[in-house]
Amino acid sequence: ADFRRIRLELLRRGLFETKMTFYYKMIAWHSLLFLGALYLSLGCTSCTAHMLGASIMGIFWQQLAGIGHDLGHSGVTHSFYKDHLIGSVLSAFMGLSVGWWKSDHNTHHVVCNAIEHDPNVQHMPMLAITDKIFRRAKFWDTYHKKWVGMDDVAHFLVSYQHLFFYPLMMVGRWNLYVQGLIYLITQHDKTHFRKTELCGIAIYFAWVFSLAYSMPTWFESVMWVMVSHAVAGILHVQIVLSHWSMHSYEGR
């Protein structure tokens with residue numbers, strides 16, 4: 001009841017109304033990053049310029065995720081379908097599925113840091129965010145619908161997670177691509193704008209790999225992909241710093 005009263009007061013003050021001038025500025029900022037990355041990657045000849053372009057592209061993806069977050073929460077136009085559609089169209093620029101993100105992230109908000117239920121803290125056998133995972137031989141992961149436990153592979157990998165954590169964050173974006181595609185293909189009955197997102201993701205990979213392939217050597221092509229994704233991986237570090245450091249829960 002207290003939260004309802006506070007919400008009504010904030011609504012009365014107009015504090016939930018979107019200031020679209022902020023998003024107009026964001027469009028200009030994102031356009032500058034994207035076009036700057038394209039210019040350095042395609043309009044220059046030096047390897048240094050190409051890698052700088054890849055870095056700026058990574059920043060563009062990182063920044064675009066913030067807009068995608070707002071759209072996923074229906075926080076821009078405050079219309080579920082409008083914001084979801086805009087986010088789905090943006091998949092052509094970021095390669096991620098908003099439909100998958102909403103499923104994953106909304107579940108996270110309902111059961112924050114619950115090790116059996118929250119997909120944002122379920123990264124076994126690669127990473128264990130709490131020793132509570134080890135208190136039982138195994139537990140049922142309700143989001144991914146599978147049993148999770150400390151088998152020999154998990155024991156080995158978790159023992160060295162402090163060594164490969166940052167390298168893993170540098171390539172973590174690839175996991176998001178895979179998770180989005182799996183969701184769109186297997187959960188088609190739950191996904192809004194599924195065809196839009198699949199088409200957008202196809203366009204994304206077409207221009208990203210074409211851009212990488214335009215480099216003068218195969219080495220630069222591979223490095224362009226790796227550098228851009230590593231810079232975008234800063235976002236993953238930011239997210240886990242704010243989430244995994246908080247208290248986790250097991251059971252009811």
Side-chain angles (χ1 to χ4, degrees), residues 61 65 68-69 71-73 84 87-88 91 94-195 197-198 200-201 204-205 229 232-233 235-252:
W61 288 332
H69 174 273
L71 291 165
H73 278 295
H84 199 146
S88 296
S91 62
M94 59 183 176
L96 306 179
S97 165
V98 172
W100 163 79
W101 184 88
K102 287 170 76 73
S103 170
D104 180 279
H105 196 68
N106 288 350
T107 305
H108 161 71
H109 274 291
V110 174
V111 285
C112 289
N113 280 19
I115 62 173
E116 302 100 327
H117 312 297
D118 184 355
N120 284 185
V121 299
Q122 294 169 342
H123 304 287
M124 293 287 284
M126 297 295 293
L127 299 169
I129 70 149
T130 173
D131 58 0
K132 293 175 182 176
I133 292 174
F134 313 141
R135 292 181 185 176
R136 289 172 287 171
K138 57 183 178 179
F139 64 87
W140 180 250
D141 178 343
T142 60
Y143 185 83
H144 298 105
K145 302 291 189 298
K146 65 179 182 179
W147 287 99
V148 176
M150 281 296 285
D151 56 20
D152 291 340
V153 173
H155 188 276
F156 175 79
L157 292 173
V158 169
S159 296
Y160 295 99
Q161 65 179 8
H162 58 294
L163 297 178
F164 61 72
F165 170 74
Y166 285 110
L168 194 63
M169 295 297 104
M170 294 171 69
V171 296
R173 188 177 181 86
W174 292 98
N175 178 57
L176 304 187
Y177 298 150
V178 173
Q179 294 298 323
L181 287 172
I182 291 174
Y183 181 83
L184 290 172
I185 294 170
T186 63
Q187 304 290 332
H188 53 84
D189 57 328
K190 299 180 181 179
T191 308
H192 297 277
F193 307 115
R194 174 174 173 264
K195 293 181 180 179
E197 291 191 8
L198 286 172
I201 291 172
Y204 169 82
F205 281 112
H229 283 72
L235 176 64
H236 303 295
V237 178
Q238 291 174 312
I239 291 172
V240 301
L241 283 174
S242 62
H243 287 67
W244 294 358
S245 61
M246 304 302 291
H247 184 68
S248 59
Y249 305 86
E250 85 177 301
R252 290 188 177 273

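Given the structure is predicted, the values throughout are model-derived calculations rather than measurements.
Remark: the Glu197 side chain and the Ser88 side chain contain an N/O donor-acceptor pair separated by less than 3.5 Å. A side-chain N or O of Tyr143 and one of Ser103 form a donor-acceptor pair less than 3.5 Å apart.
Atom CD of Gln161 sits about 8.5 Å away from atom CE of Met124, to the nearest 0.5 Å. Interatomic distance, CG of Leu96 versus OG of Ser91, reported as 8.5 Å (0.5 Å rounding). Put simply, CG on Leu181 and OG on Ser97 are 8.0 Å apart, with the number rounded to the nearest 0.5 Å. To the nearest 0.5 angstrom, His109 atom NE2 is 10.5 Å from Lys102 atom NZ. With values rounded to the nearest 0.5 angstrom, His236 atom NE2 is found 13.0 Å from Leu241 atom CG.
The shortest heavy-atom contact between Ile201 and Gly95 is CG1-O, 3.9 Å. Heavy-atom minimum distance, Tyr177 versus Met94: CE2-O, 3.9 Å. Of all heavy-atom pairs between Ile115 and Thr130, the closest is CG2-CG2, 3.7 Å. Heavy atoms only, all atoms of each residue included: Trp244 and Ile129 are closest at CD2-CG2, 3.5 Å. Annotation for Gly149 and Ala154: closest pair O-CB, 3.8 Å, computed over non-hydrogen atoms. Leu235 and Ala65 make their closest contact through CD2-CB, 3.4 Å (heavy atoms, listed as atom of the first residue, atom of the second, distance).
For NE2 of His155, the number of neighbouring non-hydrogen atoms (other residues, nucleotides, ligands) closer than 6.0 Å is 12 at most. Atom OH of Tyr166 has 12 or fewer neighbouring heavy atoms from other residues, nucleotides or ligands inside a 6.0 Å radius.
Between Trp100 and Ile182 the shortest side-chain heavy-atom distance does not fall below 4.5 Å. Side-chain contact between Asp104 and Asn120 is present, with at least one heavy-atom pair separated by less than 4.5 Å. With contacts defined as side-chain heavy-atom distances shorter than 4.5 Å, the pair Arg194/Gln187 does not qualify. By the 4.5 Å heavy-atom criterion applied to side chains, Glu250 and Ile133 are not counted as neighbours. When side chains are defined from C-beta on, His84 counts as touching Val98, because their heavy atoms get closer than 4.5 Å.
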Where do Val158 and Met126 land on the side chain to side chain contact (heavy atoms under 4.5 Å, CB included) test, with the steps shown first? CA-CA 6 Å; Val158 169; Met126 297 295 293; over 6 Å; no
Check against side chain to side chain contact (heavy atoms under 4.5 Å, CB included), Leu168 and Leu127: CA-CA 10 Å; Leu168 194 63; Leu127 299 169; 3.8 Å; yes
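Taking the six-membered ring for Trp and the full ring otherwise, Trp101 and His73 have centroids separated by under 6.0 Å. No close placement of the Phe164 and Tyr160 rings is indicated, their centers lying 6.0 Å or farther apart.
The main-chain N or O of Glu116 is found under 3.5 Å from a side-chain atom of Gln122 such that the two form a donor-acceptor pair. A distance-only check finds a donor-acceptor pair linking the side chain of Asn113 to the backbone of His243 [under 3.5 Å]. A side-chain donor-acceptor contact under 3.5 Å links Lys145 to the backbone of Thr142. Not a single donor-acceptor pair under 3.5 Å links the side chain of Lys146 to the backbone N or O of Asp141. Judged by distance alone, with hydrogens and angles left aside, the side-chain atoms of Arg173 form no donor-acceptor pair with the main-chain N or O of His229 at under 3.5 Å. Here the side chain of Trp61 pairs no donor or acceptor atom with the backbone of Gly233 at under 3.5 angstrom.
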